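The structure under discussion appears below in the form of structure tokens.
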Amino acid sequence: MPKTIRRRPEPVNADFSFPLDPLVKSLYLSRGVQSEQELDMDLKTLHSPALMKDLFRAAEILFKAIDTGKRIVVVGDFDADGATSTAVMMEGMALLGSQNHDYLVPNRFEYGYGLTPEIAELALAKGAQLVITVDNGISCLQGVAAAKAGGAQVIVTDHHLPGESLPDADAIVNPNQLDCKFPSKSIAGVGVAFYLLLALRKVMREANWLKQQGLGEPNLAQLLDLVALGTVADVVSLDHNNRILVSQGIKRIRSGYTRPGIQALFEVAKKDPQRIQASDFGFALGPRLNAAGRLDDMALGIQCLLARDVNQARVIAMELDHLNKARREIEQGMQQEAERVLTKLDFSGASLPSGIALYRDDWHQGVIGIVAGRIKEKYHRPTVVFAGGNDGEIKGSARSIPGLHIRDLLEHIDSQHPGLIVKFGGHAMAAGLSIGEADFSKFQRLFDQLAHSWLTQEMLENCVLSDGPLTLSQMNEQQCVQIEQAGPWGQNFPEPVFDNTFELVQQRLLSGKHLKMVVRCEDQVFDAIAFNIDPEIWPDDNIRFVHMAYKLDINEFRGKRNLQLMVEHLEPGSG
């Protein structure tokens, strides 16, 4: 699907009492910032825990369990948000005086997602008297019932959208449940877990419990490196509240206050913690952490995050790095196979379906989400990729494009065709589901039909949104640093992209798929690189000018720093 460059609409002006770089101000305004309060990244400006429904009820239950020495078992999820949520709860409860807690994370290949009845049995076998779900639980009706039938109390903390029925837990903490007045509906599971610990500390403070135990009141900000990692890796919308959590986590890491596991992950990713950006969580650390849950067991990732010794953390981080490399190889093979399927079906031009659904029984369950994302990016269509499952069921992972809420689409199919989807859950942009293998063709047809009726022609256009052209005086390291410091940038608060036409001075192919260029603007030259280009089109010695959408970046090599342009899209231009 060919891309085009589209410029953002001119932003509505707003006045700020403090000086702002004109370009940075324009970037903020075009992303909907209208008040100075939205730029305040101080922890004191976080939304109040009191706004989150049942949060203090859950904190009271957790406090009584800790006070009486009950066995507490945290049940996490097998992605980066689930891993960081689990680590946050484990570390946070220890800081707050708990001495009898453990965790479980389902192996996706044996148990599937969330607090299932089988996982509830494992938790009870660990002696659980209180089960706390993190980043899951809102759809786990049977698992919650099984845990309670076994004599345990259950606290559900989650952020996924609830279904028609809620589990019969002792407390449910989820800002997306009805009547919850917490404004940040986009908070990640790790953020919800962090809020539970904030409420627990307040309950303990009011009971004077920590002092009675001879404990000092802990600074829970030391957990924010984990919160930042999980928030960005889960690709939730970076609203003001989430930006505060991410900004504070980045600030701590840059200052050297991070745990050995995250330090080790930065090392294997060859990233300098003092120069990290929010995107590094999503592109460098998140995939390595996720690789454990995709190919092996996410307990390995959690062990890395909880490691006390940096040498121990390095050993685990290396293992995660090896898993990530294996994941890439599997993913590349699956993506090539998926594209061959698309070619055989002649999905090109006008015949490209509005919704793509693909299935192979030998595809790997652990990477279908990544493959769905890659196909979605290439063809700019909502995509579901299925892999073989058990007992006649196949498991799918869905990724969507802006404007189409993928979970709502699945819910609509489910309501109109009861029984077709065995189970599903997720967000606006990503979801998971299971269907019967025999029902794939029917699902494929319905998914395409419904996507076609829900999508407009504008939504189907694959465009790169640009913040407009930069002047030559803005193309420098200082402006790049100002843009970096104006972040964090991320989902729904996108990193700035600019577009200009340049004279193409040099071009050469790296590794068969990356285009390294030297481009000229007026009398100044810049290095530029475009990743994963089409080698059948580029390099092209007949092209003298290129129109590029790009991000500013500083390349540091052998102690030297120079500005480079990270190309998002390029096309022939006119001088």
Side-chain angles (χ1 to χ4, degrees), residues 47 49-59 61 74-79 81-82 85 89 106 112-117 119-120 131-148 153-196 199 230-231 234-237 239 241-242 396-398 400 404-435:
H47 295 316
L51 297 173
M52 199 175 287
K53 182 179 180 181
D54 274 0
L55 182 67
F56 281 94
R57 180 180 175 184
I61 294 170
V74 177
V75 175
D77 185 22
F78 40 65
D79 66 1
D81 188 15
S85 300
M89 284 304 300
Y113 168 79
L115 180 61
T116 60
I119 291 296
V131 173
I132 305 175
T133 70
V134 291
D135 192 35
N136 75 93
I138 199 67
S139 62
C140 300
L141 279 66
Q142 294 179 335
V144 171
K148 293 198 71 176
Q153 291 179 291
V154 180
I155 295 172
V156 166
T157 77
D158 202 350
H159 69 128
H160 295 94
L161 296 173
E164 291 184 7
S165 301
L166 295 178
D168 184 25
D170 295 273
I172 298 176
V173 184
N174 183 336
N176 285 300
Q177 64 180 314
L178 290 176
D179 303 324
C180 183
K181 298 178 180 179
F182 191 75
S184 180
K185 304 300 181 183
S186 299
I187 193 169
V190 68
V192 178
F194 180 69
Y195 263 82
L196 176 56
T231 298
D234 209 43
V235 202
V236 296
S237 178
D239 59 18
N241 210 65
N242 282 338
S397 191
S400 194
L404 189 143
H405 195 299
I406 194 70
R407 188 197 174 279
D408 285 356
L409 185 145
L410 295 177
E411 187 171 46
H412 187 82
I413 292 176
D414 184 56
S415 65
Q416 296 298 309
H417 303 271
L420 175 63
I421 300 177
V422 178
K423 56 184 176 181
F424 69 96
H427 301 293
M429 301 302 289
L433 70 157
S434 296
I435 65 173

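Below, each value reflects all heavy atoms present in this structure, side chains not excepted, and no hydrogens, waters or symmetry copies. It should be emphasised that the depicted structure is a prediction, and the values quoted were computed from it without experimental measurement.
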Could I get the full list of side chain to side chain contact (heavy atoms under 4.5 Å, CB included) partners for [X], not counting sequence neighbours?
X      : value
Asn174 : Ile138, Asp158, Ile172, Asn176, Gln177
Thr157 : Ile132, Val134, Ile155, Val173, Val192, Leu196
Ala146 : Pro117, Ala120
His405 : Leu161, Arg407, Asp408, Ala428

Which residues share a side-chain hydrogen bond (donor to acceptor under 3.5 Å, both in side chains) with [X], sequence neighbours left out:
X      : value
Ser237 : Asn492
Ser184 : Asp239
Ser85  : Asp81
Ser139 : none

- Does some side-chain heavy atom of Asp234 sit less than 4.5 Å from a side-chain heavy atom of His159? yes

- Query: Can you find a heavy atom in the side chain of His47 that is under 4.5 Å from one in the side chain of Met52?
  - Reply: no

- Qualifying salt bridge (charged side-chain N to carboxylate O under 4.0 Å, His left out) pairs, either residue in residues 177-188, two or more places apart: none

Closest approach of [X] and [Y], non-hydrogen atoms and distance?
X      : Y      : value
Pro183 : Leu51  : CD-CD1, 3.8 Å
Leu178 : Lys53  : O-NZ, 3.2 Å
Cys140 : Pro167 : O-CB, 4.2 Å
Leu433 : Ser397 : CD2-N, 4.5 Å
Val156 : Ala169 : CG2-CB, 3.9 Å
Val236 : Ser186 : CB-O, 3.1 Å

Show me the donor-acceptor pairs within less than 3.5 Å that the side chains of residues 409-421 make with the rest of the protein, sequence neighbours left out.
| residue | atom | partner | partner atom | Å |
| --- | --- | --- | --- | --- |
| Ser415 | OG | Glu411 | O | 3.4 |
| Ser415 | OG | His412 | O | 2.8 |

- Message: So does Thr231 get a backbone contact from the side chain of Asn242, meaning a donor-acceptor N/O pair under 3.5 Å?
- Response: no

- Item | Donor-acceptor contact present, side-chain Asp135 to main-chain Gly82, <3.5 Å | yes

- Query: Partners of Tyr195 by ring-ring contact (aromatic ring centres under 6.0 Å, His included), sequence neighbours excluded?
  - Reply: Phe182

- Which residues satisfy the salt bridge (charged side-chain N to carboxylate O under 4.0 Å, His left out) test with Asp170, sequence neighbours excluded? Lys148

